[in-house]
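Down below is the structure, laid out as structure tokens.
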Amino acid sequence: MQTTRPLLLTVIALAALLAACGDDSKPMSNSEVYRNPHAPIEDRVEDLLGRMTLEEKVEQMHGAGFPADSRGLYPTRENTRLGIPGFTMVDGPRGVSAATGFATTFPVGSARGATFDTELERRVGRAMGEEARAREANVLLAPTINLLRQPQWGRAQETYGEDPFHVGVMGAAFIRGVQEHVIASAKHFALNSIEDTRFNVNVTVDERTLREVYLPHFKRAVDAGVGSVMSAYNKVNGEYCSENRHLLTDILKDDWGFDGFVESDWLLAVRSTAPSALAGLDVEMPSPVFYGPKLVAAVQAGAVPMTVIDDAVRRILRMKFRFGIFDGRPPLDPAVVVESPAHQALALEVARKAIVLLKNDAAALPLDRASVRSVAVVGALAARANLGDTGSSAARPSRAVSPLEGIQAAASGVAISAIASDVLDADQQRQIEEADAAVVIVGLTAADEGESTVSGGDRKTMALSAVHQQLVRDVASHNPRTIVVLEGGSAITVEGWVDQARAILMAWYPGQDGGTAIAEVLFGDVNPSGKLDVTVPTSEAQLPPFDPQATAVEYDYFHGYRYVDHAGLEPRYPFGFGLAYTTFSIHDLRLERDALATAGTLRARVQVTNTGGRSGDEVVQLYVGAVGSSVERAVRDLRAFQRVSLAAGQTKTVALEVPVADLAYFDVVASRFVVEPIEYVAEVGSSSRDLPLAARFRVAAR
Ligand code: BGC
């Protein structure tokens, strides 16, 4: 007995110690609600907040330094006393940042926008979320959902294009996928679409344009549950976005009910302590320049109320709990996840669905291997896997396929002459002449466009370089069956050489398997199905003016297709346009009702028939225009779309829905969205300029 008791006590003490240790070896008492993974998140937040000192709270509100750490991540500090993990942030719009090592490198955002395939984009988001998590990140600094006001924007490639609805639903799909694994950060809030002067340009915008054109896609990101929003570098209406209370608090947090955290863009995005905190900036990245000790002092001096700090910290903690960061999630093995065969196959699938066939005279494409026995592949870009800019969005695959490699691999007996040069000598011209067809790869690279600090910045023109234009004309003068493949982040004008090209493909920056996808489309193994997510004008003059040097600019209500429609201009290729190797007929539009309540939903059904000889995908688009509105409106706005696959001869019914609330305009006097009780017209077709079907409906004042 004498010896048993100390033994028993030791066993009890050990058991108690073990029980207290939990997952993270911190003692847990019953009162530590925040450590209980089963307690409601808001209870955990309040409990933890109540235990934190001012210094500890402020320490949650900034990054831990620049540049990225050895893993390629931007961390925020952990609090070891209370066991609060930090964030680990990583860039990611087209694949997890090159700074982390290899990653599946997807086609850029503008290419993915051209798929008009939200389910596909959700899968891309999920794959990137998985790879980010495998690299020990818990926040992915993506998607970029700035509206493409004008295609010369250096970072055009990162976003999904020019239409607020389309950018919004594509971004929301990506966010849903990412957030199966890590927090997504929708960026850059807001009106960031000039690169060269991004650190100081002042964008002036009226409230209606702001709400109806430049913000709806961010609202969709919030509705999709995005955990973080990144404020932009530029000013909006005279105030830097990081100190813009109207954007960060009035609209984002109060109107939209965003319950995540706002983080700043990186260097130079934060310019002040109290004004930023009071405006609603929750996290200063990447280092504590204005937050940290200066913010502690501002609170102590009464310049920033403690309620402001508490609100920010609540948002940060809430996301750490909601996304399992606090409770520790099982790690993913990078050897299994990063560049997995499934992710690489997904990158190829996206590239196949993103390529847009802009022109195809006399069925120049596809190149039928039985009759086309030799192809000359021309241009310096033919020999290069052109993945996009080298700025923060850069990703690095361990393998990538150039167009030439893709074409050689798919040639199956067709003779390929490789002329990877932009200027032709007589011998090369002779080879082009002797070939049955010529494929010229031209366009842009990171030297022409991209993030200004490391890539080309804004484009000076929408045209191809003089060298590339000359190359197209030169090749075409030696081979009547000349096919042009364009690469680049957004619209490239085709005037000056379009008539010489028999066929034109827009391949964007098509990701690591872009060369494979280009070859498959050229040979007809894949039927092209991408649609332009941007208007291709005949010249810059058809779009709002763009000045990369501007330090002050006004963003008007009209841009993109809304601009050319409003001004009655004929663009070269309209928004939503893209050909295929088959033809489609869209017919029999039926509205479920032609009178709707303001809280109702427009439900349309339409038949789509593949009237050609091979299977393919069509994107059915529904636009709505207001008839007799009391305010000036766009002629039509895209309000719904659906990609549909059809076998040759097959007909399918496509159902499209538009909540009537989406038809509202922003009433600046009442400061709210208002649905007008007027007549509207729904137009359905295959692009913003090919809308053979129309039906009117009325909204009743209820
Ligand atoms: C870019 C952001 C990016 C950040 C971190 C900034 O310069 O504008 O998009 O997430 O750097 O790399």
Side-chain angles (χ1 to χ4, degrees), residues 16-64 73-89 133 136-139 179 181-185 225-229 248-249 253 257-264 276-278 280-285 288 291-293 295-300 304-331:
L17 192 66
L18 278 176
C21 281
D23 278 352
D24 50 8
S25 310
K26 294 278 185 321
M28 173 176 158
S29 78
N30 284 343
S31 59
E32 284 186 319
V33 175
Y34 78 96
R35 287 188 186 276
N36 178 1
H38 306 294
I41 286 179
E42 293 306 316
D43 293 357
R44 299 179 77 186
V45 168
E46 292 311 314
D47 180 59
L48 181 50
L49 192 68
R51 294 167 193 275
M52 296 170 75
T53 65
L54 170 62
E55 286 75 9
E56 284 175 327
K57 289 176 183 174
V58 169
E59 197 188 40
Q60 291 288 302
M61 294 174 61
H62 59 74
L73 311 178
Y74 290 104
T76 66
R77 293 242 165 77
E78 32 176 323
N79 177 323
T80 44
R81 181 178 81 86
L82 294 162
I84 310 173
F87 288 126
T88 43
M89 304 190 179
R133 181 169 159 194
E136 298 176 30
N138 52 35
V139 180
Q179 294 197 160
H181 294 280
V182 298
I183 296 173
S185 189
V226 75
S228 168
V229 168
L248 304 187
T249 297
K253 294 178 178 176
F258 173 61
D259 69 354
F261 63 92
V262 177
E263 62 178 317
S264 71
S276 304
L278 295 174
L281 178 75
D282 303 311
V283 178
E284 179 189 24
M285 289 303 291
Y291 281 14
L295 185 51
V296 171
V299 176
Q300 284 162 344
V304 175
M306 195 63 176
T307 48
V308 167
I309 303 297
D310 284 349
D311 179 67
V313 177
R314 273 192 190 97
R315 292 167 177 278
I316 294 160
L317 297 178
R318 184 181 293 135
M319 293 306 122
K320 288 183 176 174
F321 288 123
R322 185 178 296 168
F323 285 88
I325 296 169
F326 199 93
D327 302 313
R329 296 158 314 164

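Start at 1 with the first residue, then count along the sequence.
For the pair Val226/Ile183, no side-chain contact is recorded, criterion being any heavy-atom separation below 4.5 Å from C-beta on. In this structure, Pro330 and Arg133 have side chains that are in contact, with non-hydrogen atoms separated by less than 4.5 Å. Taking the side chain as every heavy atom from C-beta outward, Tyr291 and Val283 never approach each other to under 4.5 Å. The closest side-chain heavy-atom distance from Met89 to Ser185 is not below 4.5 Å. Between Pro305 and Leu278, some side-chain heavy-atom pair lies under the 4.5 Å cut-off. Using a 4.5 Å heavy-atom threshold, the side chains of Leu82 and Tyr34 count as touching. In this structure, the side chains of Val229 and Phe258 come closer than 4.5 Å at one or more pairs of heavy atoms. Two residues are said to be in side-chain contact when any heavy atoms from C-beta on lie closer than 4.5 Å; Thr76 and Met285 meet this criterion.
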Evaluation steps, side-chain contact (heavy atoms from CB on, under 4.5 Å), between Asp282 and Glu263: CA-CA 6 Å; Asp282 303 311; Glu263 62 178 317; over 6 Å; no
Worked verdict on Met319 versus Val139 for side-chain contact (heavy atoms from CB on, under 4.5 Å): CA-CA 10 Å; Met319 293 306 122; Val139 180; over 6 Å; no
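Of the listed residues (Ile309, Leu48, Val45), just one forms a side chain to side chain contact (heavy atoms under 4.5 Å, CB included) with Arg314, and that residue is Val45. Among Arg35, Arg44, Arg322, the one residue that satisfies the salt bridge (charged side-chain N to carboxylate O under 4.0 Å, His left out) test with Asp327 is Arg44.
Taking every heavy atom of both residues into account, Leu281 and Met61 meet most closely at O-CE, 4.5 Å. Annotation for Ala137 and Val182: closest pair O-CG1, 3.4 Å, computed over non-hydrogen atoms. Ser31 and Asp47 get closest at one heavy-atom pair: O-OD1, 3.7 Å. For the pair Gly83 and Pro85, the tightest heavy-atom approach, listed with the atom from each and the gap, is O-CD, 3.4 Å. Looking at every heavy atom in both residues, Ala277 comes nearest to Val308 through O-CG1, 3.3 Å. Closest heavy-atom contact between Asn138 and Gly86: ND2-O, 3.3 Å.
The side-chain hydrogen bond (donor to acceptor under 3.5 Å, both in side chains) search around Asp311 returns Arg315, not counting sequence neighbours. For Pro293, there are no side-chain contact (heavy atoms from CB on, under 4.5 Å) partners, not counting sequence neighbours. Under the side-chain contact (heavy atoms from CB on, under 4.5 Å) criterion, Arg77 pairs with Glu59, His62, Ala64, sequence neighbours left out. Residues meeting the side-chain hydrogen bond (donor to acceptor under 3.5 Å, both in side chains) test with Gln60, sequence neighbours left out: Lys320. The side-chain hydrogen bond (donor to acceptor under 3.5 Å, both in side chains) search around Ser264 returns none, not counting sequence neighbours. Legend: residues meeting side-chain hydrogen bond (donor to acceptor under 3.5 Å, both in side chains) with Glu78, ordered by chain and number and at least two apart, are absent.
Panel note: side chain Glu56, backbone Thr53; a donor-acceptor pair is recorded below 3.5 Å. Using a distance-only test at 3.5 Å, with no hydrogens or angles considered, no donor-acceptor pair links the side chain of Glu136 to the main chain of Thr88. At distances below 3.5 Å, at least one donor-acceptor pair connects side-chain atoms of Lys253 with backbone N or O atoms of Gly280.
Ring geometry for Phe326 versus Phe321: interplanar angle of 30 to 60°, hence tilted.
In this structure, Phe87 has its ring center closer than 6.0 angstrom to the ring center of Phe261.
Taken to the nearest 0.5 Å, the CD atom of Glu55 stands 10.5 Å off from the CG atom of Leu295. Summarising the geometry, atom NZ belonging to Lys57 is positioned 12.5 Å from atom CG belonging to Asn79; distances are rounded to the nearest 0.5 Å.
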